[in-house]
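As the structure lists them, so they are numbered: ligands from 1, and atoms in each ligand from 1. Side-chain atoms are counted along with the backbone in the values below, which use heavy atoms only and exclude waters and symmetry mates. Numbers here are sequence positions counted from 1. Just so you know, these numbers come straight off a predicted model, no measurement behind them.
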Amino acid sequence: MGTKTIRDSYLPYGRQWIDEEDIQSVVNILKGDYLTTGPAVAEFEQAVASYVGAMYAVAFSNGTAALHGACFAAGIGEGDEVITTPMTFAASSNCVLYQGGKPVFADIDPKTYNIDPKNVEALINENTKAIIPVHFTGQPVDIDELHQLAKKHNLVVIEDAAHAMGATYKGDKIGSLSDMTMFSFHPVKHITSGEGGIITTNNEEYYQKLLQFRSHGITREPNKLVENHGPWYYEMQFLGFNYRITDIQAALGTSQLKKLDKFVDLRKKYVSLYNKAFKEIDGIQTPYQDQNGESSWHLYIIRLDLDKLSVSRKAVFEALVNENIGVNVHYIPVHLLPYYTKLGYQRGICPIAEKLYEEIITLPLFPAMIEEDIMDVIAAVNKVFNNYRK
Ligand SMILES: *Cc1c(COP(=O)(O)O)cnc(C)c1O
């Protein structure tokens, strides 16, 4: 291989885009009266609810805490089974474990890489209480089919939409459709609040439970109190957590939300450049897109046809890193993580996801990239494939 790398500086696979307006919004909070539990939190919640078209939103310290809250609100407890996908970040199923429930992994669709409703149905039994589908890479799952199953079997649907802010399903924004939907505001996601997450819902009961869960299980609302000793009085009515988001984070989130549509458009533009370039390369499968939804493109994942290459996925990965291209692998199937195998989950329960894991590489994709960055990635992929083609 040549000695000169395609790039001089390392290009990460994802990162935030913070502008002066974002910085000013945080500075205003720092100069104000409330760093936490102030008005910026409700403002952020209202802005997100209105963007996705949901009635309520409850912001959390991070997306994982938000998923925990959703499982609590859904009443998940000891012995309850919750069906989710293995092709996700561990948080999608850890939230079930936090509540003493049992995650059950349904294999994915080989084309979309999303949870396959057929496999979900096969796993439903009398202990099944909920489904946590993940819009993997930002491509919406088949929501109508999952809702039909949920209705038939009386299940709660909690969408893990950490990848899917700004995505639509049959014309509706993700976040308005299921019992509850979670978004994450980690810096690699569509918009950021540093750390942060949110649940959107149209259900008032879930909304009230989420608010109380986020703050120790404590309420001060007169109509919820069992007793009332006076103006100082509050009740802790169940064991909640301190999962609050700060006003600093919320203000950043509100400012970022104004740019979401622009961010998604840039992601789509870069994806079309990738798709066009990689269609020509023998040995690369570009992402399939289902016509029922429009992805908001959190991740761009190529699948390698290893029969066409003289080396392993690991060697391709390392060669791209050597070109200063920040590649990644999303994800190691959750049931193969050591904590899960110790719980008894075995290789072989989700063969499609397990095989996919062996063949994928995530390429850099974030709105603050410039077109030159995209061309560097394309050049690096071409260089590596030309070296390693059989
Ligand atoms: C990022 C992410 C989460 C968790 O979000 P945090 O805000 O990092 O806690 C959950 N699920 C998926 C699929 C994610 O990508």
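- In this structure, Lys173 forms a cation-pi arrangement with Tyr51, its terminal cationic atom sitting closer than 6.0 Å to the ring centre and no more than 45° off the ring axis.
- Of the polar atoms of Asp160, at least one N or O is found under 3.5 Å from an N or O of ligand 1, judged by distance alone.
- The N/O atoms of Gly63, backbone and side chain alike, include one that comes under 3.5 Å of an N/O atom in ligand 1.
- Near Gly196, meaning under 4.0 Å from any of its heavy atoms, are these atoms of ligand 1: 7 (O).
- Between Phe213 and His68, the ring center distance clears the sub-6.0 Å criterion.
- One finds no salt bridge joining Asp109 and Lys118 here, because no Lys/Arg side-chain nitrogen approaches an Asp/Glu carboxylate oxygen to under 4.0 Å.
- When each atom of ligand 1 is checked for a heavy atom of Ala91 under 4.0 Å away, the hits are 10 (C).
- The contact set between ligand 1 and Tyr331, taken as ligand atoms under 4.0 Å from a residue heavy atom, comprises 15 (O).
- For atom 5 (O) of ligand 1, the closest non-hydrogen atom on the protein side is Ser184 OG, 3.3 Å.
- Across Met182, His186, Met87, Lys189, heavy-atom proximity to atom 2 (C) of ligand 1 is greatest for Lys189.
- The closest protein non-hydrogen atom to atom 9 (O) of ligand 1 is Thr64 OG1, 2.5 Å.
- Under the 4.0 Å criterion applied to side-chain N and carboxylate O atoms, Asp265 and Lys262 are not assigned as salt-bridge partners.
- At distances below 3.5 Å, at least one donor-acceptor pair connects side-chain atoms of Asn242 with backbone N or O atoms of Arg244.
- Between Cys350 and Ala106, the closest heavy-atom pair is SG-C, 4.0 Å.
- With respect to Lys224 and Glu235, no salt bridge is recorded, no charged nitrogen being found less than 4.0 Å from a carboxylate O.
- The pair Glu323-Lys383 counts as a salt bridge, with a side-chain nitrogen and a carboxylate oxygen less than 4.0 angstrom apart.
- Those atoms of ligand 1 with a heavy atom of Ser92 less than 4.0 angstrom away are 11 (N).
- Atoms of ligand 1 lying under 4.0 Å from at least one heavy atom of Thr88, given by number and element, are 13 (C).
- Between His298 and ligand 1, not a single N/O pair is under 3.5 Å apart.
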